[in-house]
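For reference, the structure is listed below as structure tokens.
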Amino acid sequence: RRWRRGWRRGRGPRARSEGRRVVAERLNTWFVVADGASARILTRDAASGNFVVVEERDSPEARLRTRELVSDRPGRSHESGMTGRHAMEAPSDPQRLKKEEFARELARAINRACGEGRFDDLVLVAPARTLGEIKRELDRTALAKLSASLTKDLTKVPADHLHDHLGGIRQFRAPAA
């Protein structure tokens, strides 16, 4: 049997047979569109092909400025051997830490949903740093369902306009041999 380019034998496609022909099944694909402070989990409606919001998450703390998260000014220190004084830098940016925490919480939620079987395929769309943080926290089963990732910030794009950006991502898998 001749195989199309990109299709591999034995790679878990879900298919059912109708008489003599094999028809690929439509997968329940989750599209996770996130940045460091908000996320939307969407699926495509089978009838219309439009995106439908499954869940929205938001972290108001990650949107705050660093000066709003930290109550004090940085401390001061004396320079050794001299009379000058210098401000101490914080070892890490509190806003960056809040964004990393949000990405970890989102990845945990994806892992739980994967364990419950709520989706068959996963597509991640996020800026590069957030995308890396989410992928780092995903477990093996969720990573196995990851079919595509896109390095873009589409959190402010309305759901009815996402098709322009994500329309090329397939929701079907090849039929099994």
Side-chain angles (χ1 to χ4, degrees), residues 1-59 62 96 99-177:
R1 182 173 178 165
R2 192 168 178 188
W3 291 90
R4 291 185 186 174
R5 181 177 291 163
W7 290 5
R8 294 178 11 209
R9 286 186 182 186
R11 177 144 194 247
R14 294 156 185 90
R16 66 187 195 289
S17 63
E18 290 181 2
R20 298 181 124 213
R21 60 178 211 186
V22 176
V23 179
E25 277 189 23
R26 187 172 193 85
L27 299 173
N28 180 18
T29 304
W30 268 20
F31 294 85
V32 179
V33 179
D35 66 3
S38 65
R40 286 184 294 173
I41 300 172
L42 306 116
T43 60
R44 277 195 183 149
D45 182 37
S48 66
N50 295 332
F51 286 97
V52 179
V53 177
V54 174
E55 185 179 340
E56 289 186 342
R57 292 176 169 263
D58 193 38
S59 174
R96 182 76 245 145
K99 289 182 177 187
E100 289 172 2
E101 181 182 327
F102 178 75
R104 279 193 301 274
E105 289 173 9
L106 180 60
R108 280 189 228 118
I110 293 170
N111 289 337
R112 273 193 307 276
C114 181
E116 295 168 0
R118 293 178 58 194
F119 62 89
D120 302 315
D121 239 2
L122 179 65
V123 176
L124 292 176
V125 181
R129 182 176 284 183
T130 305
L131 186 63
E133 291 165 358
I134 293 171
K135 281 183 175 180
R136 191 177 320 119
E137 295 295 324
L138 290 178
D139 60 16
R140 287 184 183 182
T141 56
L143 278 174
K145 292 183 178 186
L146 181 65
S147 62
S149 60
L150 184 63
T151 309
K152 279 189 172 182
D153 186 2
L154 300 178
T155 53
K156 293 181 177 53
V157 176
D160 53 338
H161 292 281
L162 281 174
H163 192 273
D164 300 337
H165 301 279
L166 304 175
I169 297 174
R170 293 185 346 186
Q171 279 194 276
F172 294 97
R173 290 229 176 123

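Side chains included, hydrogens not; waters and symmetry mates left out as well; all remaining heavy atoms used. None of these values were measured; they are calculated from a predicted model.
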Worksheet item: To the nearest 0.5 Å, how far apart are CG in L124 and CG in L131?
Response: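 Reported value, rounded in 0.5 Å steps: 6.0 Å.
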Worksheet entry | Distance (rounded to the nearest 0.5 Å) between R140 CZ and C114 SG |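 Output value for this atom pair is 13.5 Å.
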Indicate the atoms forming the closest heavy-atom contact of [X] with [Y], along with that distance.
X: F119; Y: L122; result: CE1-CB, 3.8 Å
X: T130; Y: G36; result: OG1-N, 3.7 Å
X: A39; Y: A34; result: CB-CB, 3.8 Å
X: V157; Y: R40; result: O-NH2, 2.6 Å
X: P127; Y: D35; result: CD-CA, 4.0 Å
X: T151; Y: A128; result: CG2-N, 3.5 Å

Item to complete: Report the residue from L162, T29, N50 that forms a side chain to side chain contact (heavy atoms under 4.5 Å, CB included) with L42.
Response: L162
Worksheet item: side chain to side chain contact (heavy atoms under 4.5 Å, CB included) with N111: which of L143, L106, T141, L138?
Response: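 Answer after filtering L143, L106, T141, L138: L138.
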Worksheet item: Quick one: salt bridge (Lys or Arg N to Asp or Glu O under 4.0 Å) partners of R57, sequence neighbours excluded?
Response: E55
Fill in: Sidechain-backbone polar pair: D120 side chain, N28 backbone, donor-acceptor under 3.5 Å
yes
I want to check something: taking the side chain as every heavy atom from C-beta on, are [X] and [Y] in contact at a cut-off of under 4.5 Å?
X: L166; Y: F51; result: yes
X: K135; Y: L146; result: yes
X: T43; Y: W30; result: yes

Worksheet item: Who passes side chain to side chain contact (heavy atoms under 4.5 Å, CB included) against E133, sequence neighbours left out?
Response: R96, E100, A103, R129, R136
Fill in: Pairing residues for E116 by the side chain to side chain contact (heavy atoms under 4.5 Å, CB included) criterion, not counting sequence neighbours
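R118.
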